[in-house]
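Report on the structure given below.
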Amino acid sequence: MGVLDRVDSPADVRACSPEELAELADDIRQFLIQKVAATGGHLGPNLGVVELTLAIHRVFDSPTDPILFDTGHQCYVHKIVTGRKDRFDTLREQGGLTGYQDRTESPHDWIESSHASAALSNADGLSKAFALRGEDRTVVAVVGDGALTGGMCWEALNNIADSDRSVVIVVNDNGRSYAPTIGGLARNLSALRLQPGYERFLETGRRTLKSVPMVGDAAYAVLHGMKSGVKDLVSPQAMFADLGIKYVGPVDGHDLAEMEAALRRAKAFGGPVIVHAVTRKGNGYAPAENDEAEQMHSTGKIDPLTGRALAESPVDWTSVFSETLVREAARRPEVVAITAAMPGPTGLAAFGERYPERMFDVGIAEQHGMTSAAGLALGGMHPVLAIYSTFLNRAFDQLLMDVALLKLPVTVVLDRSGITGPDGPSHHGMWDLSLLAIVPGMRVAAPRDAVRLREELAEALDIGDGPSAVRFGKGRVPDDIPAVRRLGDGVDVLVEAAEPGGVLIVAVGGMAEIGIGAAELLAARGIPATVVDPRWALPVPASIADLARTHISVVTIEDGGVRGGVGSAVESALEQAGVDVPVHRRGVPQEFIAHASREAILVDCGLTPAGIADSIATGSGYVSLVGPEEPVELNAPVTTASG
Ligand SMILES: Cc1ncc(C[n+]2csc(CCOP(=O)(O)OP(=O)(O)O)c2C)c(N)n1
Ligand SMILES: CC(=O)[C@@H](O)[C@H](O)COP(=O)(O)O
Ligand SMILES: [Mg+2]
């Protein structure tokens, strides 16, 4: 019976003795390794915040004092000590524990989005509300060094600094996003951490002086004081202090007692405070600590002993993109690449190794990345900004007004478009087609397989008079789905109806396989169907309207929201062409889709050959996943004595 077995709430953590705390931290570390090895998830980040999270729950009173985790991928320890440890076998599985904060799981969770750099703005707003309501509550925000490279953090800091509100910002500085965090900020933060003299100075002092009873304690206090002297010379304190925010640290984020003492100092201060915790991603688990590339930022199912993946990953869209870009760049010196702190996951790492001078990591800063791309294009380059589809949301205004308005040759490569699965509603790439459809002059390719991805990326790099986008999904990429013929405007006919007058299926990108399967099932039911892949889906190619004239209806299938995407664009195109043929849109319901496997969600959305064929044969509409449920009572503001 370990200490963890009897910890089910923050109060249980607060009741632990120092010895029990040390055991609890070890128990949690082993728990994380065993559970996340079995389910997959953010093992590295969570191993890095064990002591930090325990210290926070000992000093602050969640949920009265909200604890916000920026991005939320590092909230597993928080979940473990807030009564959810028994559900970790269901982590990131349908109906199970989410991998991020989730208000339906616990009142200890306040925010939910997995989009980085938003927690400080949430903290700013929450602390303003508490001040207005006269509630004496402290908002605690845990923000990583990577998230701190996002612009919203600095917008929030600018506001928080200009107040005396009780906000404690715990900077979890492990020096990494996926890869090492870039930029002047990171350099400043790490200056102290990497200062060997400072570290040695502290370590020697701590070890030597603490061993001397009495005298040691006094001398240690002197050392501590000196530390602040040393700190003033090299610390990032100036960066925050100049903003008007008190700075505490740097603190060893794995030293529970030191972390707790720093947080108590911060809490006592009463106004906005930054506690700079220095941690190590993957701490205490050698396979993660030794993972040079990403310190096991996010893993699939692994062998807990060795850290090795249990399943080989199939050839995926990302790897085809990666190799194609390197090949294209060899003959296109104007091509440069931009990543928002995700060179590995977006496939740009190979390009960066081959062409380091043409590769730019801007940090978790998609907005800046998009407009920096505009600048690169103004300077004669052809930038390729590779981001996950869901993060395009962050850079929409920049795409519209800094790129498209100027008709600049920027290519946005959107990986993880469509349903992604276990990362839940804020990670599904279901918004990009709707967003891109309203950008004047935007050309959007959605390859159906590896062959078309190579083709369409090259075509995008040939576009010099405006922005282009190439979007593809997560996971396995079909090698080759051949066309029967290609029309003049690039549309590929994949299936010719056996006879005229049937259904025209417009299958966008990765939905081609589903469209072909649906056509086969319809043919068996005596309903002829033609299947086409537009390849360049937006703006809608002219031949789609021409084809529609000889069909009784058009069915569009897209791995994206059904409102405003390709289906809506096809409807408009037919109307403009005077083609009076009904369009039935099939796609992802315009709802927030809970986490589950991609496959399970596609089935639930009716995005399968049988689902599409049945909906056509029966004339039913597109699927909705949320019934008329009663809204769940969430985080009703805690009424305090004063309120
Ligand atoms: C806007 C946005 N862009 C990209 C990501 C993908 N992403 C998830 S975690 C992460 C790195 C976070 O680094 P940091 O904040 O330092 O936290 P750590 O993992 O080091 O604890 C990134 C880039 C994201 N969640 N949100
Ligand atoms: C929070 C985070 O790291 C996400 O960006 C997500 O985990 C990405 O997952 P995949 O790279 O497995 O799609
Ligand atoms: Mg980090």
Side-chain angles (χ1 to χ4, degrees), residues 36 40-50 52-53 69-77 92 98-101 113-120 141-153 170-183 185-186 189-190 193 253 277-283 288 294-301 309 313 316-318 339-347 361-370 385-395 415-424 426-429 473-475 595 597-598:
V36 181
H42 290 93
L43 184 54
N46 283 282
L47 287 168
V49 296
V50 174
L52 177 152
T53 306
F69 290 87
D70 192 286
T71 317
H73 63 303
Q74 76 296 49
C75 74
Y76 298 2
V77 180
R92 293 158 55 93
T98 74
Y100 302 90
Q101 297 153 108
S113 170
S114 61
H115 288 203
S117 316
L120 299 191
V142 177
V143 60
D145 57 295
L148 215 47
T149 60
M152 269 180 78
C153 281
V170 181
V171 174
N172 173 32
D173 177 12
N174 53 27
R176 304 184 73 103
S177 294
Y178 281 75
T181 302
I182 62 93
L185 168 71
L189 278 178
S190 66
R193 185 178 67 245
V278 179
T279 65
R280 182 176 191 178
K281 191 175 274 196
N283 192 61
E294 298 178 355
Q295 291 186 327
M296 280 197 177
H297 174 86
S298 174
T299 64
K301 296 178 182 175
S313 44
D316 61 10
W317 292 94
T318 311
T339 178
M342 299 175 74
T346 60
D361 181 347
V362 295
I364 310 182
E366 289 83 1
Q367 295 168 316
H368 163 66
M370 185 68 79
L385 171 66
I387 56 177
Y388 282 7
S389 164
T390 188
F391 303 133
L392 173 70
N393 307 353
R394 275 283 170 86
D415 197 334
R416 282 16 179 221
S417 66
I419 291 295
T420 52
D423 287 288
S426 54
H427 251 77
H428 298 307
K474 176 170 183 173
H595 68 288
S597 71
R598 169 177 161 80

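We count ligands from 1, going down the list as the structure has it; atoms in each ligand are counted the same way. For the single chain, residues carry numbers from 1 onward in sequence order.
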Practice problem: Measure the distance from atom 5 (O) of ligand 2 to every protein heavy atom, then report the residue, atom name and distance (to 0.1 Å) of the closest one. | Solution: His427 NE2, 3.0 Å
Quiz prompt | ligand 1 N/O within reach of Thr181 N/O, cut-off under 3.5 Å | solution = no
Quiz prompt | Region of Ser114 engaging ligand 1 - heavy atom pairs below 4.0 Å | solution = backbone
Quiz item: Looking at atom 11 (O) of ligand 2, what's its closest protein heavy atom, distance included?
Solution: Tyr388 OH, 2.6 Å
Practice problem: Identify the protein heavy atom lying closest to atom 16 (O) of ligand 1, giving its residue, its atom name and the separation to 0.1 Å. | Solution: Gly146 N, 2.7 Å
Quiz prompt | Nearest-neighbour protein heavy atom for atom 9 (O) of ligand 2, which is reported as residue plus atom name and distance | solution = Asp423 OD2, 3.4 Å
Practice problem: Please state whether the separation between the Mg ion (ligand 3) and some N/O/S atom of Arg176 is under 2.8 Å? | Solution: yes
Quiz item: Can you give the angle Asn174 OD1 - the Mg ion (ligand 3) - Asp145 OD1, rounded to 10°?
Solution: 80°
Exercise. Check if His73 has a non-hydrogen atom at a distance under 4.0 Å from any atom of ligand 1.
Key: yes
Exercise. Check whether any heavy atom of Gly48 sits under 4.0 Å from an atom of ligand 1.
Key: no
Practice problem: Looking only at distances, please establish whether an N/O atom of ligand 2 is found under 3.5 Å from an N/O atom of Thr71. | Solution: no
Exercise. Supply the atom-to-atom distance Asn174 CG to Leu47 CG, rounded to the nearest 0.5 angstrom.
Key: 11.5 Å
Practice problem: Give the residue and atom name of whichever protein heavy atom lies nearest to atom 1 (C) of ligand 2, and the separation in Å to one decimal. | Solution: Tyr100 OH, 3.2 Å
Quiz item: Which is closest to atom 7 (O) of ligand 2 in terms of heavy atoms, Lys474, His73, His42?
Solution: His42
Quiz item: In the protein, what heavy atom is nearest to atom 6 (C) of ligand 1, and what distance, to one decimal place, separates them?
Solution: Met342 SD, 3.6 Å
Practice problem: Please determine, by modelled atom types, if Arg416 and Thr318 share a side-chain donor-acceptor pair under 3.5 angstrom. | Solution: yes
Quiz item: Based purely on interatomic distance, does Arg416 place a nitrogen or oxygen under 3.5 Å from a nitrogen or oxygen of ligand 2?
Solution: yes
Quiz item: Should the proximity of Asp145 to ligand 1, defined as any heavy atom under 4.0 Å, be assigned to the side chain, the backbone, both, or neither?
Solution: both
Quiz item: With a 4.0 Å heavy-atom cut-off (strictly under), which part of Asp70 contacts ligand 1: side chain, backbone, both or neither?
Solution: neither
Self-check item: Asp423/Arg92 salt bridge by N-O under 4.0 Å criterion
Solution: yes
Quiz item: Is there at least one pair of N or O atoms, one from Lys281 and one from ligand 1, spaced under 3.5 Å apart?
Solution: yes
Quiz item: Taking distance alone, with no angle check, do Arg394 and ligand 1 share an N/O pair under 3.5 Å?
Solution: no
